[in-house]
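Reviewing the structure listed below.
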Amino acid sequence: MASRINISGRPFSFTNAQLRLIFVPLGTVELAQVLRDAHGHSRGLGVVQMSCPEEVEHIFSAQQRFEVKGKHLDIWEPPDPVGR
């Protein structure tokens with residue numbers, strides 16, 4: 001299991017700091033980034049990098065329901081890069 005997860009379904013106004021705060025109680029967040037287009041608009045997707053795969057495993061095994069401002073967040077592991 002990788003230590004990176006993708007997040008969608010969050011409000012478009014979300015910042016990197018707000019994304020980070022969701023996952024801090026679950027482990028060490030090394031990166032929390034809202035992906036943006038060339039004009040700075042949110043693409044509706046975020047990426048969170050935890051310090052180790054065990055923390056990501058805990059997030060998925062806990063089957064926690066993540067909600068922000070009444071919106072359900074979808075989380076998933078990105079596919080392994082080709083050639084791994």
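If you take CZ on R36 and CZ on F12, they are separated by 10.5 Å, rounding to the nearest 0.5 Å. The distance from atom CD of E57 to atom OG of S3, rounded to the nearest 0.5 Å, is 12.5 Å. For the atom pair CG of L21 and CG of N16, the computed distance is 11.0 Å after rounding to the nearest 0.5 Å. Atoms NZ and OG, from K71 and S8 in turn, are 9.5 Å apart once rounded to the nearest 0.5 Å.
Residues L19 and Q33 have side chains not in contact (no heavy-atom distance under 4.5 Å, counting atoms from C-beta outward). At least one side-chain heavy atom of S42 sits under 4.5 Å from a side-chain heavy atom of R10. Inter-residue side-chain proximity for I75 and F23 is flagged as met; some heavy-atom pair is nearer than 4.5 Å. The shortest distance between side-chain heavy atoms of M50 and T28 does not fall below 4.5 Å.
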Could you walk me through whether I22 and V48 satisfy the side chain to side chain contact (heavy atoms under 4.5 Å, CB included) test, starting with their C-alpha distance in whole Å, then the side-chain angles of each, then the deciding distance to 0.1 Å, before giving a yes or no?
CA-CA 10 Å; I22 294 171; V48 173; over 6 Å; no
Start with the C-alpha distance between R4 and V47, add both sets of side-chain angles, then the distance that settles side chain to side chain contact (heavy atoms under 4.5 Å, CB included), and finish with yes or no.
CA-CA 7 Å; R4 184 172 221 141; V47 176; 2.8 Å; yes
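Test L45, L73, V34 against I7 for side-chain contact (heavy atoms from CB on, under 4.5 Å) and you get one pass: L73.
Listed here is the closest heavy atom pair of H39 and D37: N-OD1, 2.8 Å.
Hydrophobic clustering (side-chain heavy atoms under 4.5 Å, transitive across Ile, Leu, Val, Met, Phe, Trp, Tyr) groups L26 together with F60.
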